[in-house]
Amino acid sequence: MPFHIFNTLSRTVEEFTPQNPPEVTLYSCGPTVYLPQHLGNFRTFLCWDFLKRALKFDGYRVRQVMNITDVGHLTSDEDAGEDKIEKTARAEGKSPLEVANHYTELFLADWDRLNMERPERFSRATEHIAEMIALIEKIIAAGYAYVTKSGVYFDVEKYRGENRFGRLSRQSLDEQHAGNRLEHSPDKHNPHDFALWVLNQPNHILQWPTPWGPGYPGWHIECSAMAMKYLGETIDIHTGGMDHIPIHHENEIAQSESATHKPFVRYFVHSAFLVGKTGAKISKSAGKFPLLSDLPGAGIDPLAFRIFCFSAKYRSELVFSDDGLRAAQGNLDYFREFSRNVPPEAAAPGAETPGWAADYYERFHEALDNDLNTPQALAVALDLVAESYRRKDFGAWPTLIALDAVLGLELSRYRETALGATISADAQKLMDERAEARRSRNFQQADELRKQLETMGYEVKDNRDGGAEYRRRQV
RNA sequence: GGCGGCGUACCCAAGUGGUUAAGGGAGAGGUCUGCAAAACCUCCAUGCAUCGGUUCGAAUCCGAUCGCCGCCUCCA
């Protein structure tokens, strides 16, 4: 079965075909770096990591670009708003650049902890000002934008005349207008027009010279400019959170297509939110939000959060809970335990894979091809391990490693580290003492020694024959 | 007010017209064990918010009702 994915443009699951197979161009909306990225943000980014790995599993070569927004997003759409990065900068007594750099570093560190593949390129908005200006000039030349004192605005009314606006959100402008409670800049020809470039805001710290005067970019133009620069005028897949459908992506399409007269995106893919117990989404503006760095203290490995997200479909809201995280941690431990139990001969290069394992590979593959059904794929992977235990046949190890290319748990590396761990002389002494205690049936002392070893970071597993296995616990 | 989505067991979560409603976690029992741990086995929704309708057949389609949430301001 070829890869299938839900395309927001058609609101149906479609067979996926890239423009130039086997290459796939993928643009993913990234973070604005004025605060730490919370777990809700990472849920979305993980979805795209799963997508990318699934495409590669299918044999595609994926070229992914993700923006890092380090300027421009205002606290409101109107020019009266405050730049979020500048707001943090003022609060922390730093420059906007320092703020952006700091939160970018945090973001990338967490990214790596979740074992997400880095995009082929992270692109920063402030490093692509020239491209944005060039694109805006193109839009003006095409007659879809106009220059005023307060900014360069996109002419939605003109674009709408071609009946192309609102394709994504299925919402007419008049409907949007019905509940609009914002004040509009008097320079706009129409309330729906949005800023491509903001002018005459002297209080804004970051300013760049342009043909229209100094100013800074509007909050949609960077994505169009950078996506087209690195991936071409028509990209295969554009991803983002659900919240981007009605405004951000709608406007991206409008400004891009009015400049190129070509389709901007072939498949729009959107993810649902991570939500709290009440069903309300976890968001930055809510004030309090969970971070990746909160998890280790609760005994949750970052890779367990990876599994947690893998256990729900990208298009379904996922309820964030301690129970859910613990369940995922249990799955991670299960995979890891199995990895350590695989005997060397089954892990040797060229080891033969039993026929029964092929079926699991196929089922895993099919689940992913079916609109990225990661929970089903996870069920297959878990069952592969269970079946191995049932058959007492560890020959499926290479198959599990193949699935791990998408799961992203680095089980092979884990196994090597775990088996290569050395036992300290102190611990070895206790182990010897414990063996002696068990031989003389002094179980009270044996249990005492086990407790000591466990606090030292060793796992103790007694065998039936009176022997025991000691393993250093991996972190 | 407009637009969109959701409601599957104690919790999380697949399934969206057709044999017995995946899987995980929790719980109960069992095998094994000096005890643990690990692993495996068994049990755990005649029912999918409620009520109607369409159909040979519905969790799945249609309608109504109730409840929850998102978007229309920045947000993954």
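So you know, we letter chains A, B, ... as the sequences are listed, proteins then strands, and number each from 1.
In this entry the distance linking NZ of A:K277 with P of B:C12 reads 9 Å, nearest Å. Going from atom CD of A:E459 over to atom P of B:A39 covers 11 Å, rounded to whole Å. In this entry the distance linking CZ of A:R336 with C1' of B:A38 reads 16 Å, nearest Å. If you measure from atom CD1 of A:I247 to atom C1' of B:U73, you get 9 Å, rounded to the nearest angstrom. When the P atom of B:A39 is taken as reference, atom CZ of A:F394 falls 11 Å away, rounded to whole Å. The separation between A:N67 atom CG and B:C75 atom P is 11 Å, rounded to whole Å. Counting to the nearest Å, the P atom of B:G5 and the CZ atom of A:R315 are 11 Å from each other. As rounded to whole Å, 12 Å separates atom C1' of B:A36 from atom OH of A:Y470.
Nucleotides B:A14 and B:G53 are separated by 31 Å at their P atoms, to the nearest Å. Here the separation of B:C56 from B:C72, taken at their P atoms, is 46 Å to the nearest Å. Comparing the P positions of B:G4 and B:G23 gives an interatomic distance of 36 Å, to the nearest angstrom. The separation of B:C10 from B:G5, taken at their C1' atoms, amounts to 26 Å, rounded to a whole angstrom. For the C1' atom pair drawn from B:G7 and B:C12, the interatomic distance equals 15 Å after rounding to whole Å. Rounded to whole Å, the separation between the C1' atoms of B:U20 and B:C61 comes to 24 Å. B:C62 and B:G70 have their C1' atoms separated by 25 Å, with the value rounded to a whole Å. Nucleotides B:C71 and B:C11 place their P atoms 26 Å apart, quoted to the nearest Å.
Under the 30°/60° scheme for interplanar angles, the aromatic rings of A:Y230 and A:H128 are found to stand perpendicular. Between A:W111 and A:F45, the angle of the ring planes lies from 30° to 60°, which puts this pair in the tilted group. Relative orientation of the A:F289 and A:H38 rings is tilted, given thresholds of 30° and 60° on the angle between their planes.
Remark: the A:R450 side chain and the B:C35 base include a donor-acceptor N/O pair separated by less than 3.5 Å. Put simply, the side chain of A:K281 and the base of B:C69 share no donor and acceptor less than 3.5 Å apart. Side-chain to base pairing of A:N41 with B:C75: no donor and acceptor N or O lie closer than 3.5 Å to each other.
The shortest side-chain heavy-atom distance between A:H204 and A:V198 does not fall under the 4.5 Å cut-off. A:T32 is not listed as a side-chain neighbour of A:W219, based on a closest heavy-atom distance of 4.5 Å or more.
Side-chain atoms of A:D236 and A:T25 form a donor-acceptor pair, as typed in the model, at a separation below 3.5 Å.
A:A347 meets the side chain to side chain contact (heavy atoms under 4.5 Å, CB included) test with A:V342, A:W397, A:R415; sequence neighbours excluded. A:S224 pairs by the side chain to side chain contact (heavy atoms under 4.5 Å, CB included) definition with A:L135, A:M228, A:E252, A:Q255, A:S256, A:F264, not counting sequence neighbours. Under the salt bridge (Lys or Arg N to Asp or Glu O under 4.0 Å) criterion, A:R113 pairs with A:D110, not counting sequence neighbours.
A:N463 has no side-chain polar atom (N or O) that falls below the 4.0 Å cut-off from OP1 or OP2 of B:U33. For B:A13, neither phosphate oxygen OP1 nor OP2 lies less than 4.0 angstrom from any side-chain nitrogen or oxygen of A:S316.
The A:K461 side chain lies nearest to B:A37 when the options are B:C40, B:C75, B:A37. Closest to the side chain of A:A280, from the set B:A38, B:C69, B:C75, is B:C69. The side chain of A:A446 has B:G34 as its nearest neighbour among B:G34, B:A39, B:C41. Comparing B:C69, B:C40, B:G34 by their nearest atom to the side chain of A:E317 picks out B:C69. Checking B:A14, B:A38, B:C75 against every side-chain atom of A:D243, the shortest atom distance belongs to B:C75. Here the side chain of A:H244 is nearest to one of B:G70, B:C75, B:A13, namely B:C75. Among the nucleotides B:A38, B:G34, B:C41, the one closest to the side chain of A:E337 is B:A38. Side chain of A:N373, nearest nucleotide from B:C40, B:G4, B:G15: B:G15. For A:Y389, whose side chain is taken as the heavy atoms from C-beta onward, the closest listed nucleotide among B:C71, B:A13, B:A39 is B:A39.
Using a 5.5 Å limit on the distance between ring centres and a 30° limit on the angle between planes, the aromatic ring of A:F443 counts as stacked on the six-membered base ring of B:G34.
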Does the protein touch nucleotides 17-28 of chain B at the base, only the backbone, or not at all? Give it as B, S and - per nucleotide, heavy atoms under 4.0 Å.
-----BSSS---
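Helical stems in RNA chain B, defined as runs of 3 or more consecutive Watson-Crick or G-U wobble pairs with both donor-acceptor distances under 3.5 Å, are listed by first residue as B:1-7 with B:66-72, B:10-12 with B:23-25, B:27-31 with B:39-43, B:49-53 with B:61-65.
Note on A:Y334: only backbone sugar-phosphate atoms sit closer than 4.0 angstrom, heavy atoms only; bases stay farther off. A:H270 comes within 4.0 angstrom of nothing in the nucleic acid, heavy atoms only. Nucleic acid contact class of A:L318 (heavy atoms, under 4.0 Å, all strands): sugar-phosphate only.
Remark: A:E469 does not engage A:R340 in a salt bridge, criterion side-chain N to carboxylate O under 4.0 Å. Salt-bridge check for A:D447 with A:R450: passed, with a basic side-chain N closer than 4.0 Å to an acidic carboxylate O.
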For a salt bridge (charged side-chain N to carboxylate O under 4.0 Å, His left out) check, start with the C-alpha distance between A:R439 and A:E436, then their side-chain angles and the critical distance, and finish with the verdict.
CA-CA 5 Å; A:R439 251 194 305 278; A:E436 182 50 41; 3.2 Å; yes
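Residues in residues 368-381 of chain A take part in these salt bridge (Lys or Arg N to Asp or Glu O under 4.0 Å) pairs, two or more places apart or across chains: A:K313-A:D371, A:R315-A:D371.
Comparing A:G241 and A:V319 along RNA chain B, the residue whose closest nucleotide (by nearest heavy atom) sits nearer the 5' end is A:V319.
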